[in-house]
Amino acid sequence: MMDDKQLALDMRYLRMARIWAENSYCERRKVGALIVKDKRIIADGYNGTPVGFENICEDESGQTKQYVLHAEANAITKLASSTNDSSGATVYVTDAPCIECAKLIIQSHMRRVVYSTEYRLRDGIELLQRAGIQVDYLPLED
């Protein structure tokens with residue numbers, strides 16, 4: 001069971017991830033992620049298009065473009081180009097990770113995922129749990 005101090009910290013980082021999501025140009029869904037190690041944010045990300053692309057995430061029919069990066073992927077790639085190490089870190093993300101982001105989280109040796117919004121597909125969560133990563137769902141009040 002999680003202690004009150006850890007819960008308060010988790011909720012604070014989730015609120016920060018939600019604020020970070022506001023940077024996204026995506027219309028359908030704005031997602032934010034923070035990677036935290038030793039109570040220090042070592043990377044951040046939000047969903048959006050790759051560097052050099054127009055900041056338009058949806059096509060004419062309102063569907064998300066195939067090349068849009070997820071918040072977790074943006075944070076992990078930012079981390080990869082830094083001197084920080086994600087081993088043992090926690091990723092705080094506003095939405096449940098998809099299976100592709102789950103694979104990246106596993107390969108980055110993170111130990112924990114905390115998210116605040118469920119997604120209709122649970123394959124990412126199930127893969128993380130199968131890999132032995134602690135997954136905590138903490139809904140945020142609006």
Under 3.5 Å donor-acceptor pairs involving side-chain atoms of residues 27-34, not counting sequence neighbours:
from, atom 1, to, atom 2, distance (Å)
Arg28, NH1, Thr64, OG1, 3.1
Arg29, NH1, Asp95, OD2, 3.3
Lys30, NZ, Ser24, O, 2.6
Lys30, NZ, Cys26, O, 3.0

Contacts under 3.5 angstrom, residues 101-110 side chains, donor-acceptor by atom type, not counting sequence neighbours:
from, atom 1, to, atom 2, distance (Å)
Lys103, NZ, Glu100, OE1, 3.3
Lys103, NZ, Glu100, OE2, 3.1
Ser108, OG, Leu104, O, 2.8

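The same ILVMFWY cluster, assembled from side-chain heavy atoms under 4.5 Å apart, contains both Ile42 and Val93. Two different hydrophobic clusters hold Tyr25 and Phe53 under the rule that ILVMFWY side chains link at heavy-atom gaps under 4.5 Å. Val135 and Val114 fall into different hydrophobic clusters, where Ile, Leu, Val, Met, Phe, Trp and Tyr are joined by side-chain heavy atoms under 4.5 Å apart, directly or via other members. Hydrophobic clustering keeps Leu79 apart from Leu69 (ILVMFWY residues linked when any side-chain heavy atoms are closer than 4.5 Å, directly or through intermediates).
In this structure, Leu140 and Arg15 approach most closely via the heavy-atom pair CD2-CG, 3.9 Å.
Taking CG from Asp44 and NZ from Lys78, the interatomic distance works out to 3.5 Å, rounded to the nearest 0.5 Å. To the nearest 0.5 angstrom, Leu14 atom CG is 11.5 Å from Ile19 atom CD1. Note that NZ of Lys37 and CZ of Arg112 are 15.5 Å apart. Values are rounded to the nearest 0.5 Å. Here the CD atom belonging to Glu126 is positioned 10.0 Å from the CG atom belonging to Leu121, to the nearest 0.5 angstrom. Between the CG atom of Leu138 and the OG1 atom of Thr117 there is a distance of 11.0 Å, given to the nearest 0.5 Å. With rounding to the nearest 0.5 angstrom, the CE atom of Met11 is 12.0 Å from the CG atom of Asp4.
Judged purely by atom type and a 3.5 angstrom limit, Asp3 uses its side chain to pair as donor or acceptor with the backbone of Lys5. Side-chain atoms of Ser116 come within 3.5 Å of backbone atoms of Thr94 as a donor-acceptor pair (strictly under, hydrogens ignored).
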Side chain to side chain contact (heavy atoms under 4.5 Å, CB included) between His70 and Cys98, worked out: CA-CA 9 Å; His70 290 185; Cys98 71; 3.4 Å; yes

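The closest side-chain donor-acceptor pair between Asn74 and Tyr46, if any, does not fall under 3.5 angstrom.
Counting only heavy atoms from C-beta outward, the side chains of Val113 and Glu72 never approach each other to under 4.5 Å. Under the 4.5 Å side-chain criterion, counting only non-hydrogen atoms from C-beta, Ile76 is in contact with Ile35.
A ring pair (Phe, Tyr, Trp, His ring centres under 6.0 Å) with Tyr137 is found for exactly one of Tyr119, Tyr92, Tyr115, namely Tyr115. For the side-chain contact (heavy atoms from CB on, under 4.5 Å) criterion with Tyr13, the lone passing option out of Val91, Val36, Thr90 is Val36.
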